[in-house]
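Keep in mind the model is a prediction, meaning the values are calculated, not measured. Order of listing sets the numbers, starting from 1, for every ligand and every atom in it.
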Amino acid sequence: MKLSDIGEFGLIERFAPLFKHLIPEGLEGIGDDCAIIPINAEESLVITTDLLVEDVHFLKEHILPRELGWKSLAVSLSDIASMGATPVGSFLSIALPENIPVAWTDEFFNGYHDLSSKESTPLLGGDTTKSPDKIVVNVTVVGKILNKYIKRRSGAKPGDLIAVTGCLGDSAAGLKLILLDMAKEGVSSALARSHHMPVPHIKEGKWLSSLAEVHAMMDVSDGISSDLDHIMKASNCHAEVWLEKLPVSDHLTKVSLENGWDIYALATGGGEDYVLLLTIDKNMEQEIKNEFFKMFGKELYIIGEVKEGLPCVDWMLNDEKVDLCKGFNHFG
Ligand code: ADP
Ligand code: MG
């Protein structure tokens with residue numbers, strides 16, 4: 001059996017149980033967007049770590065160093081946002097080939113600093129080492145949250161509505177355009193920017209976490225077709241998603257029409273949008289949507305419903321069930 005037979009999540013499921021007995025009561029480890037370490041009865045630290053490998057997560061000749069610095073921090077901050085927490089600080093470990101220009105590293109740290117400043121999140125430590133060839137970046141972020149506000153993947157309940165805090169598919173379309181060398185200007189370069197400089201929804205996450213009627217939350221890193229599966233497995237519920245309700249930008253619609261791309265495949269399977277995916281009490285739909293609009297000047301999009309049943313997702317298009325490809329899975 002090879003790793004590709006079990007995939008990224010199959011591998012995690014194999015080793016995670018080995019460590020369960022070492023986790024003390026009250027701590028939460030592998031399985032959610034962040035680990036949770038209680039400080040006291042009121043507050044916890046949440047911790048996440050993410051790895052970016054050259055030629056797997058980014059192509060050096062296609063991404064500016066300033067964009068890579070931003071993105072390296074953004075993907076971890078997005079996990080902090082998904083718990084509803086406030087970031088406290090970050091740790092950056094980086095492996096670099098020795099022939100890389102110092103100007104490249106300066107720009108990388110300028111980009112990392114841009115987002116650190118925007119989210120008031122200091123760089124608190126890390127590690128720097130030589131790499132034989134490729135660039136490898138690992139970012140850990142620590143956040144803080146009141147225990148009563150923590151949102152987990154496991155909180156969804158039958159009857160909840162499923163929502164997202166922003167458009168889906170822009171990042172995947174941006175990547176396609178970058179790889180086709182078509183991301184030079186206008187709409188295409190805006191989509192490429194979504195891929196290279198995602199903006200973590202920290203303020204949205206903090207506000208949503210303060211609502212008891214928000215039941216489950218995670219961030220969209222692999223595409224909702226994979227990410228929603230995680231919520232359903234953790235919550236032991238079934239989901240129905242209404243494809244015609246997925247929020248897609250005018251930019252995505254335009255390039256998909258021009259290039260004959262399947263807009264639903266991009267919006268569900270593409271990933272790296274780093275918006276928040278959540279479930280809410282159906283009875284509070286209008287109040288939450290109205291307040292969200294007042295707070296953030298944008299819509300909270302309702303895309304489906306949680307049901308009782310097998311922990312998987314039914315994809316519906318105008319009330320008919322359709323087949324969809326899965327989201328991103330390393331080795332899968
Ligand atoms: P995310 O996309 O939110 O960063 P992942 O899908 O990468 O989360 O990981 C799922 C869960 O598995 C997380 O709780 C993560 O911390 C854990 N995990 C992934 N890889 C490892 C690893 N090598 N060792 C320990 N835990 C891991
Ligand atoms: Mg995540």
- Using a strict 4.0 Å cut-off to heavy atoms of Arg153, name the atoms of ligand 1 that fall inside it. 3 (O), 8 (O)
- Query: Can you tell me which residue and heavy atom of the protein come closest to atom 22 (C) of ligand 1, and the distance to 0.1 Å?
  - Reply: Phe15 CZ, 3.5 Å
- Query: In terms of atom number and element, which parts of ligand 1 are under 4.0 angstrom from non-hydrogen atoms of Phe9?
  - Reply: 6 (O)
- Query: Any protein heavy atom sitting closer than 4.0 Å to atom 14 (O) of ligand 1?
  - Reply: yes
- Please confirm whether Lys321 makes a cation-pi placement over Trp315, using NZ or CZ under 6.0 Å from the six-membered ring centre and within 45° of the ring normal. no
- Query: Just going by heavy-atom distances, which of Ala16, Ser221, Ser82, Gly31 is nearest to atom 2 (O) of ligand 1?
  - Reply: Ser221
- Output the list of atoms in ligand 1 that are nearer than 4.0 Å to some heavy atom of Asp32, sorted by atom number. 13 (C), 14 (O)
- Nearest protein heavy atom to atom 18 (N) of ligand 1, by residue and atom, and its distance? Ile12 CD1, 4.1 Å
- Part of Ile30 with heavy atoms under 4.0 Å of ligand 1, whether side chain, backbone, both or neither: both
- Message: Looking only at N, O or S atoms in Asp219, which is nearest to the Mg ion (ligand 2)?
- Response: OD1
- Stepwise side-chain hydrogen bond (donor to acceptor under 3.5 Å, both in side chains) test for Asp127 and Ser93: CA-CA 4 Å; Asp127 200 12; Ser93 295; 5.3 Å; no
- Task: State, without any angle test, whether Asn110 and Glu107 hold a side-chain donor-acceptor pair at a distance under 3.5 Å.
- Result: yes
- Residue selection (non-hydrogen contact nearest atom 3 (O) of ligand 1) among Thr49, Asp50, Asp79, Val220: Asp79
